[in-house]
2 protein chains.
Amino acid sequence: MSHTLGIRQAQKQKTRQALMDAALVLLEEQSLSSLGLREVTRAVGVAPTAFYRHFRSTADLGVALVEEALGSLHPMIRTTVTAEGTSEERITRAVELIAGHVTAYPAPVRFIARERHGGVQPVREAIRDQLARFAEEVRTELAKDAEAEGWSDDDLLMLSHLYVDQMLVTASLFLEALESSPEERERVGLLAARQMRLISIGRRHWLD
Amino acid sequence: MSHTLGIRQAQKQKTRQALMDAALVLLEEQSLSSLGLREVTRAVGVAPTAFYRHFRSTADLGVALVEEALGSLHPMIRTTVTAEGTSEERITRAVELIAGHVTAYPAPVRFIARERHGGVQPVREAIRDQLARFAEEVRTELAKDAEAEGWSDDDLLMLSHLYVDQMLVTASLFLEALESSPEERERVGLLAARQMRLISIGRRHWLD
DNA sequence: AATTCCAGAGAACAGTTGTTAACTGGATGA
DNA sequence: TCATCCAGTTAACAACTGTTCTCTGGAATT
């Protein structure tokens with residue numbers, strides 16, 4: 001089903017990706033609302049006007065970055081929630097997965113944390129929509145679990161939002177600890193695991 | 001103990017406050033890292049150079065805004081956690097308190113949510129410090145409660161961080177719903193209350 | 001009453017920004 | 001092979017930025 005792009009389309013996508021990558025680097029030390037289009041093109045080594053061949057504005061670029069950062073995470077989240085094993089094992093695995101992802105891709109994670117409540121409306125909305133999709137997917141996975149018996153749809157969605165928010169809190173904790181010592185990062189992981197444990201306990205006794 | 005300021009100092013403080021107020025308005029539609037000093041002085045109606053009499057930079061202004069937004073909230077948080085009544089009553093009261101605060105002071109709340117992970121390091125640090133102080137204070141209040149018997153200091157701090165994070169999540173939910181219908185805002189309040197309820201249940205069974 | 005102080009004004013600086021228009025040259029399709 | 005397309009270039013625009021230095025006039029101090 002894959003169609004080989006012509007030389008022209010291939011080169012265009014390459015430039016587009018270079019713009020997005022350069023933006024992500026520049027956004028490590030500022031917010032999207034202060035990112036200039038010239039700044040990005042300068043970093044790539046291309047004329048300022050070339051920017052318009054790919055994006056209407058930096059806000060438009062931001063929306064594309066949201067897709068890139070979160071779009072590919074859906075299967076990963078699904079399998080994490082579905083994972084077998086005891087509750088304790090699943091928590092440990094989830095925390096390790098988050099730690100690994102943050103270490104491997106710090107820039108996109110930072111971008112999402114920063115722009116979730118940032119100053120650019122279309123980007124905020126794009127992130128909100130993706131996170132809502134995550135919560136929906138987590139809910140359908142949770143619904144399959146035996147523990148979900150007797151739960152209303154509303155309560156399941158409430159819980160899945162709690163889980164998704166907690167993932168983001170954990171990710172941003174790891175982000176802050178990225179430059180810290182391994183001991184500090186271990187401490188963060190243990191804290192995050194305990195918080196998830198408490199939520200799981202609350203879940204287990206919800207219907208009492 | 002209050003000392004009446006001279007005319008000069010009084011006028012200076014007035015201008016300083018005007019700069020901060022104007023900044024807060026401008027920051028409703030952008031992030032601090034894109035806020036220009038001229039932009040702020042123009043909004044107040046003073047010369048750009050007057051800015052330097054009060055702040056070294058816009059980052060410096062941001063740190064002052066953090067103090068103003070969070071500094072006065074410590075007693076409020078203390079009493080909320082200490083409040084008497086059943087667990088359910090305390091949750092309802094806490095959610096109402098947050099809803100009321102967001103409605104009364106949306107701009108400072110938005111500023112904190114936005115800059116907590118924003119692009120200006122000193123401001124991020126100022127917010128992190130204030131939130132850590134909140135968590136410490138919540139912990140000492142929780143420690144007084146009978147339910148805290150048998151809890152380690154670490155676990156208490158873990159729980160208080162969970163509560164503080166949940167307050168921020170709730171606040172930003174209300175912020176998003178500010179322009180929505182009363183029904184929608186009521187829905188948000190009920191969701192937030194249920195999430196806090198689940199955490200409280202987890203807390204009750206933590207030592208099982 | 002004379003002196004010092006200092007918040008704010010004014011003017012000027014070099015450097016930056018987004019956006020427009022007209023162009024070039026290599027890939028594309030007839 | 002030849003006409004068309006279009007990603008990227010070049011040049012120019014008015015508008016804006018943070019920062020410096022110099023000045024002013026009223027409050028504060030002596």
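Below, read A as the first sequence line, B as the second, and so on, with proteins coming before strands; counting in each chain starts at 1.
Between Leu35(B) and Gln30(B) there is a side-chain heavy-atom pair separated by less than 4.5 Å. Trp151(A) is listed as a side-chain neighbour of Leu159(A), based on a closest heavy-atom distance under 4.5 Å. Counting only heavy atoms from C-beta outward, the side chains of Val46(A) and Phe51(A) never approach each other to under 4.5 Å. Side-chain contact between Leu142(B) and Arg203(B) is present, with at least one heavy-atom pair separated by less than 4.5 Å. With contacts defined as side-chain heavy-atom distances shorter than 4.5 Å, the pair Arg124(A)/Arg114(B) qualifies. Here the side chains of His161(A) and Leu131(A) are not in contact, with every heavy-atom distance at 4.5 Å or above.
Regarding Gln11(B), its CD atom lies at a distance of 16 Å from the C1' atom of dC5(C), rounded to whole Å. Distance Leu26(B) CG to dC16(D) C1': 15 Å, rounded to the nearest Å. Nucleotide dG8(D) holds its P atom 8 Å from the CG atom of Leu19(A), rounded to whole Å. Look at CZ on Arg38(B): it is 15 Å from C1' on dG8(C), rounded to the nearest Å. Distance Phe55(A) CZ to dG18(C) P: 15 Å, rounded to the nearest Å.
Arg187(A) and Asp154(B) are not joined by a salt bridge, as no carboxylate oxygen comes within less than 4.0 angstrom of a charged side-chain nitrogen.
Each of Ala50(A) and Ser57(B) lies near DNA chain D, and the nucleotide nearest Ala50(A) is the one positioned closer to the 5' end. Judged by closest nucleotide on DNA chain D, His54(A) is the one of Glu39(B) and His54(A) placed further toward the 5' end.
Side-chain atoms of Ser33(A) come within 3.5 Å of backbone atoms of Ser31(B) as a donor-acceptor pair (strictly under, hydrogens ignored).
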Mind running side-chain hydrogen bond (donor to acceptor under 3.5 Å, both in side chains) on Arg90(B) and Ser200(B) for me, showing each step along the way? CA-CA 11 Å; Arg90(B) 299 200 295 174; Ser200(B) 291; over 6 Å; no

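Among the atoms of the strands shown, only primed sugar atoms or phosphate atoms (P, OP1, OP2) are found under 4.0 Å from some heavy atom of Arg42(B). Counting non-hydrogen atoms under 4.0 angstrom, Thr15(B) reaches the backbone sugars and phosphates but no base.
Ranking dT19(C), dA9(C), dT9(D) by closeness to the Val46(A) side chain, first place goes to dT9(D).
Contact annotation: side chain of Thr49(A) to base of dT10(D), donor-acceptor pair present below 3.5 Å.
In DNA chain D, the stems built from three or more successive Watson-Crick or G-U pairs (distances below 3.5 Å) are C:1-12 with D:19-30, C:14-17 with D:14-17, C:19-30 with D:1-12.
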Whether each nucleotide of nucleotides 23-30 of chain C has a protein heavy atom under 4.0 Å at its base (B), only at its sugar-phosphate (S) or at neither (-) is summarised, 5' to 3', as ---BBS--

